[in-house]
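Scroll down for the structure; my scribbles are underneath it.
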Amino acid sequence: MLPYFTDIYGNPSSVHSIGRDAKRVIDTERAKIAEILGAKPREIFFTASGSEADNWAIKGVAAANRKKGNHIITTSIEHHAVLHTCQYLERQGFEVTYLPVDSYGKVSIEDVEKAVRKDTILISIMHANNEIGTIQPIAEIGELAKSKGIPFHTDAVQTTGTIPVNVKDLNVDMLSLSAHKFHGPKGIGVLYARNGRIGDNLIHGGAQEANKRAGTENIPYIVGMSTALQLAVENMEENRKKVQMLRDDIISFVLNNIDHVRLNGHPTDRLPGNANFSFNYIEGESLLLMLDMKGICASSGSACTSGSLDPSHVLLAIGLSHEVAHGSVRFSLSDENTQEDVDYLKEALPGIVKTLRNISPLYNGRKEGNNHV
Ligand SMILES: *Cc1c(COP(=O)(O)O)cnc(C)c1O
């Protein structure tokens, strides 16, 4: 990325030669990203994040189709970039169906079909869930959407660069991705739109991105995203095998060595690097802090970091109680993790869980036979 801050720093909208050089870079990288996704260059729109791509896909189609209908179908386990966008549209008068999921976090195609109405203008269903890792049958849902003539968007932020993502194979009309989820820079993403057909603009102004997304392009980040995606795709199979082996090691260790614990998400249709557990009788947040003191960076399912004490909407949607959802922690692995990392976690985790349970009134109540959890 560095030369694009210092040498090739022109504004791609300028007529002079350094501007034209910058323009060529964007065209080249757009074509490379398009090829990886099975798309055409004019179907690739750069955005400032995965969240922007999700917002644009959904608000754009909603605004452009207001006269045609006002019904949108999505799921109850989407990322907040989709969920909060849909809730915003509800306040604007749109109707949204939030499909339920089963205990593994899977959407049923029959439920999608049953939810379709004459006035349905968009279906948006994520490719894989960011908390529990469950992968949805996107190609089949896409087939259904196509047969009904309804535009279909998928949030593929968790899958792009990790498992194969091809817009033709997935039967999608729109797809969001974000660079920082595959080792690219933060603050850059893509919205793919079939035939360049996208709803209304989200950002108005200059003529960038085929007149559809104003704002001077972030060339270093575009180059960083494109390069990261190429590397991820080149090494995908090898990385997937390695990461999956490490993850399965964690899963079998935890299930075999720690009591009162459950694995959340689908046993097989899940992201290679995702392991999400509920540890009964303890708070996920306390577990995170104690792991952090040992240099282990994990995440909880709940959104306490954002100042809310509500448990994760995803964990509630798969049927967990508030208490169990609060005791949930997610371990995310990438190809940069090693067996040593996993061994270190295996050594630290049981002791931390034991310590926390020893001071937990819920756990002690359970031992006295007052278990209502
Ligand atoms: C991270 C993530 C997003 C948001 O992407 P940003 O680039 O961080 O805005 C959206 N959807 C899913 C599924 C994600 O995991």
Side-chain angles (χ1 to χ4, degrees), residues 33 37 44-60 74-88 98-99 101 105-107 122-138 141 152-163 165 170 172 174-192 202-203 213 215 217-218 220-222 224-226 228-229 232 243 264-266 269-276 297-303 305-306 312-315 317-318 328 330-334:
I33 292 171
L37 299 175
I44 301 298
F45 297 90
F46 294 118
T47 65
S49 62
S51 297
E52 186 193 323
D54 285 341
N55 271 261
W56 187 9
I58 298 167
K59 288 178 187 166
T74 187
T75 78
S76 50
I77 61 161
E78 297 296 312
H79 187 275
H80 284 141
V82 168
L83 223 45
H84 289 170
T85 299
C86 287
Q87 288 163 3
Y88 162 79
Y98 300 93
L99 296 172
V101 292
K106 276 238 189 197
V107 177
L122 177 70
I123 301 174
S124 178
I125 296 179
M126 70 198 319
H127 193 186
N129 184 268
N130 46 302
E131 290 185 37
I132 57 174
T134 302
I135 299 170
Q136 304 297 345
I138 292 301
I141 300 170
F152 179 41
H153 165 254
T154 190
D155 174 340
V157 173
Q158 282 291 322
T159 49
T160 308
T162 300
I163 61 173
V165 169
L170 290 177
V172 293
M174 285 181 287
L175 177 145
S176 306
L177 63 89
S178 174
H180 73 99
K181 301 290 171 71
F182 48 83
H183 301 311
K186 286 174 266 301
I188 184 90
V190 161
L191 178 60
Y192 154 83
L202 185 67
I203 300 179
R213 199 266 189 188
E217 302 87 339
N218 190 340
Y221 280 40
I222 290 172
M225 171 165 62
S226 170
L229 184 57
V243 169
N264 296 314
H266 199 278
D269 291 341
R270 71 186 299 137
L271 290 168
N274 174 291
N276 185 315
C297 306
S299 298
S300 74
S302 64
T305 42
S306 60
S312 144
H313 63 285
V314 176
L315 297 177
I318 61 172
S328 303
R330 173 176 94 236
F331 299 98
S332 305
L333 298 161
S334 85

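When a ligand or atom number is given, it counts from 1 through the structure's own listing order. Throughout, numbering of the chain's residues begins at 1 and tracks the sequence.
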Distance-only side-chain donor-acceptor flag, Thr75 / Glu78, under 3.5 Å: yes

CZ (Phe182) with more than 12 external heavy atoms under 6.0 Å: yes

Partner residues of Thr85 under the side-chain contact (heavy atoms from CB on, under 4.5 Å) criterion, sequence neighbours left out: Asn55, Ile58, Lys59

side-chain contact (heavy atoms from CB on, under 4.5 Å) against His266, all qualifying residues, sequence neighbours excluded: Tyr104, Lys106, Thr134, Thr268, Asp269

Beyond-backbone contact of Met126 with Val82, side-chain heavy atoms, under 4.5 angstrom: no

Set of residues that line ligand 1, where lining means a heavy atom lies under 4.0 Å from it: Ser49, Gly50, Ser51, Asp54, His79, Met126, Asn130, Asp155, Val157, Gln158, Ser178, His180, Lys181

Gln158: partners by side-chain hydrogen bond (donor to acceptor under 3.5 Å, both in side chains), with sequence neighbours left out: none

